[in-house]
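Small disclaimer: the values here were computed from a predicted structure and weren't measured. Labels below follow one simple rule: chain letters A, B, ... track the order of the sequence lines, proteins then strands, and each chain is numbered from 1.
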Number of protein chains: 2
Amino acid sequence: MINILIVDDHEMFVDGLESIFDKEDDINIVDKCLTAREIFKEGLLDKADIILLDINLPDISGIDICKRLITKNKEIKILVLSMYDEESYITEILKSGALGYVLKNTGRKELLTAIRTVATGKTYFSEAVTKTIMNGIMNKNRNDKTAKKEIPKITRREREVLELIIQENTNQEIAGKLFISLKTVEAHRSSLLSKLNARNTAGLVRITMENKILENV
Amino acid sequence: MINILIVDDHEMFVDGLESIFDKEDDINIVDKCLTAREIFKEGLLDKADIILLDINLPDISGIDICKRLITKNKEIKILVLSMYDEESYITEILKSGALGYVLKNTGRKELLTAIRTVATGKTYFSEAVTKTIMNGIMNKNRNDKTAKKEIPKITRREREVLELIIQENTNQEIAGKLFISLKTVEAHRSSLLSKLNARNTAGLVRITMENKILENV
DNA sequence: TTAAAAAATAGTATAAACCCTAATTTTAGT
DNA sequence: ACTAAAATTAGGGTTTATACTATTTTTTAA
């Protein structure tokens with residue numbers, strides 16, 4: 001018998017899971033938590049073999065939950081349920097101790113397979129998830145022309161300014177460091193906003209990091 | 001018809017492959033190479049759709065071969081055959097442009113599936129290979145409390161504000177979206193600056209992304 | 001060498017961000 | 001129930017960033 005603990009803040013989704021598991025003889029629902037905090041109450045963790053964990057809970061981040069679960073209770077197996085099929089996200093979760101990662105749009109049958117697999121201590125990942133990871137590996141270091149293509153070329157000076165912006169310098173400070181006037185820095189900054197299609201500093205930094213526009217950053 | 005080029009220095013193994021492919025109507029062997037050097041002779045590459053490549057050849061390293069193949073002929077698909085099921089090895093090969101990686105001890109049936117999959121431009125990996133990669137990811141810095149530990153906990157509201165900041169919203173817009181006053185947003189923002197140890201918006205975004213403080217971003 | 005792109009500068013104005021202090025209301029934990 | 005933390009709001013003030021338009025000098029590439 002597989003004792004399972006469901007953690008998800010979407011009640012309807014939990015209900016759906018419940019009805020699925022009720023039909024299975026080998027799966028028993030120990031409890032249902034709508035928030036991450038509830039997981040750590042009482043001796044809940046001792047009763048469950050597996051936690052079916054939605055990682056987008058309102059109170060604590062999924063990664064933190066995994067880490068805490070692993071340190072608190074080494075026995076428990078974590079199967080992550082997520083809506084996000086994004087590489088960095090998946091790898092982070094797996095690093096923090098989960099045994100499986102399935103997308104919420106996977107079918108009933110696959111979910112059951114995942115649970116039974118993870119219950120034995122083995123790992124399980126949706127096919128889509130596996131593909132994402134593999135593609136991530138394959139695209140690394142190879143062709144930086146894919147997503148980067150949209151972005152116009154940035155001049156040397158703009159790059160210097162951008163770097164200093166990301167390092168939290170104000171325009172005034174940048175002017176001092178590059179020995180140019182404040183107005184020039186503003187011009188470069190403005191040109192960066194337009195080239196990167198950003199509305200403000202936040203966008204500038206986000207887009208730069210997302211697209212790895214600066215080598216060293 | 002899939003035109004295939006076999007590259008392997010083990011004659012007996014090549015013979016085995018040949019007998020397998022002879023039975024298949026949709027697979028045609030273009031040629032067989034016993035060394036890497038032979039691949040680049042004449043117009044061989046133009047005749048083949050797929051290269052079935054053993055990466056442990058005596059003369060050139062498998063990674064170099066892949067890279068050279070990709071730059072010389074963008075059309076060709078590479079399916080790697082290897083005896084080694086080791087993570088670093090596999091990832092390196094995949095980064096250098098191969099579409100698939102199967103172990104030499106896989107069965108006839110799986111090999112054919114792999115070939116037909118790769119022939120359409122899709123990726124294929126043996127189950128064992130996938131598992132190796134996944135395990136590699138899972139065991140990687142499972143204990144990376146390195147720099148991340150310094151960051152204080154962020155409250156739910158702060159996280160929401162932070163997310164909207166990164167999405168280029170102004171405080172005014174955030175106030176509108178969260179149905180709170182501008183002053184409240186400013187308070188959260190200020191608290192974020194202090195918690196993340198940032199000087200301004202640029203730092204806020206950079207630190208958030210560097211430390212993956214937000215799940216979905 | 002000549003045109004184009006990049007770099008530098010300036011003024012004026014507005015919008016947004018940031019700082020400080022302070023107070024009230026909600027929410028969560030023992 | 002009580003306490004601490006979180007969330008909310010406010011006023012007033014300073015600093016930065018962003019938006020325009022416009023000009024000059026330097027570099028770069030055809």
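A:Thr132 meets the side chain to side chain donor-acceptor pair (under 3.5 Å) test with A:Asp85; sequence neighbours excluded. B:Arg199 meets the side chain to side chain donor-acceptor pair (under 3.5 Å) test with A:Glu173; sequence neighbours excluded. Scanning for salt bridge (charged side-chain N to carboxylate O under 4.0 Å, His left out) contacts around B:Arg157 gives B:Glu160, with sequence neighbours left out. Take A:Glu18 and apply the salt bridge (charged side-chain N to carboxylate O under 4.0 Å, His left out) test, not counting sequence neighbours, and it matches A:Lys32. Scanning for side chain to side chain contact (heavy atoms under 4.5 Å, CB included) contacts around A:Glu158 gives A:Ile154, A:Thr155, A:His188, A:Ser191, A:Leu192, A:Lys195, with sequence neighbours left out. B:Asp49 is linked by a salt bridge (charged side-chain N to carboxylate O under 4.0 Å, His left out) to nothing, counting only residues two or more places apart in sequence or in another chain. The salt bridge (charged side-chain N to carboxylate O under 4.0 Å, His left out) check on A:Lys131 picks up nothing, with sequence neighbours excluded. The side chain to side chain donor-acceptor pair (under 3.5 Å) check on A:Asp8 picks up A:His10, A:Lys104, with sequence neighbours excluded.
In the helix from C:dT1-D:dA30 to C:dT30-D:dA1, the rotation axis of the first five pairs and that of the last five pairs differ in direction by 80°, rounded to 10 degrees.
Distances shown here put every side-chain N or O of B:Thr184 at or beyond 4.0 Å from the OP1 or OP2 atom of D:dA7. In terms of phosphate contacts, A:Arg156 brings no side-chain nitrogen or oxygen within less than 4.0 Å of OP1 or OP2 of C:dA6. Using a 4.0 Å cut-off, some side-chain N or O of B:Thr155 falls inside it from OP1 or OP2 of D:dA7.
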Under 3.5 Å, N/O pairs linking protein and nucleotides 28-30 of chain C:
| residue | atom | partner | partner atom | Å |
| --- | --- | --- | --- | --- |
| C:dG29 | OP1 | A:Arg37 | NE | 3.0 |
| C:dG29 | OP1 | A:Arg37 | NH1 | 3.2 |

Enumerate all atom pairs, one protein N or O and one N or O from nucleotides 18-24 of chain D, separated by less than 3.5 Å.
| residue | atom | partner | partner atom | Å |
| --- | --- | --- | --- | --- |
| D:dT18 | OP1 | A:Thr201 | N | 2.8 |
| D:dT18 | OP1 | A:Thr201 | OG1 | 3.1 |
| D:dT18 | OP2 | A:Arg189 | NE | 2.7 |

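For A:Lys47 and A:Asn3, the side-chain atoms include no donor-acceptor pair closer than 3.5 Å. A:Tyr101 and A:Ser126 form no side-chain donor-acceptor contact under 3.5 Å, judged by distance and modelled atom types alone. For the residue pair B:Glu38 / B:Thr35, a side-chain donor-acceptor distance below 3.5 Å is found, with atom types taken as modelled.
Across the protein-nucleic acid pair, A:Arg157 atom CZ and C:dT9 atom P stand 9 Å apart, rounded to whole Å. Between the CZ atom of A:Arg159 and the P atom of C:dA5 there is a distance of 19 Å, given to the nearest Å. Protein atom CD of A:Glu173 is 14 Å distant from nucleotide atom C1' of D:dA17, rounded to whole Å. Nucleotide C:dA15 holds its P atom 18 Å from the CG atom of B:Asn169, rounded to whole Å. Atom CG of A:Leu192 and atom P of C:dA7 are 10 Å apart (whole Å). In this structure, A:Glu168 places its CD atom 14 Å from C1' of D:dT16, rounding to the nearest Å. The NE2-C1' distance, from A:His188 to C:dA7, rounds to 5 Å in whole Å.
For DNA chain D, no neighbouring residue in residues 174-182 of chain A is found when judged by any heavy atom under 4.0 Å.
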* Pair B:Leu99-B:Lys122, side chain to side chain contact (heavy atoms under 4.5 Å, CB included): steps then yes or no -> CA-CA 7 Å; B:Leu99 279 182; B:Lys122 296 199 193 102; over 6 Å; no
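A:Thr113 places a side-chain N or O within 3.5 Å of a backbone atom of A:Lys109 that can act as its donor or acceptor partner.
In this structure, A:Lys183 pairs ionically with A:Glu186, as a charged nitrogen and a carboxylate oxygen lie closer than 4.0 Å.
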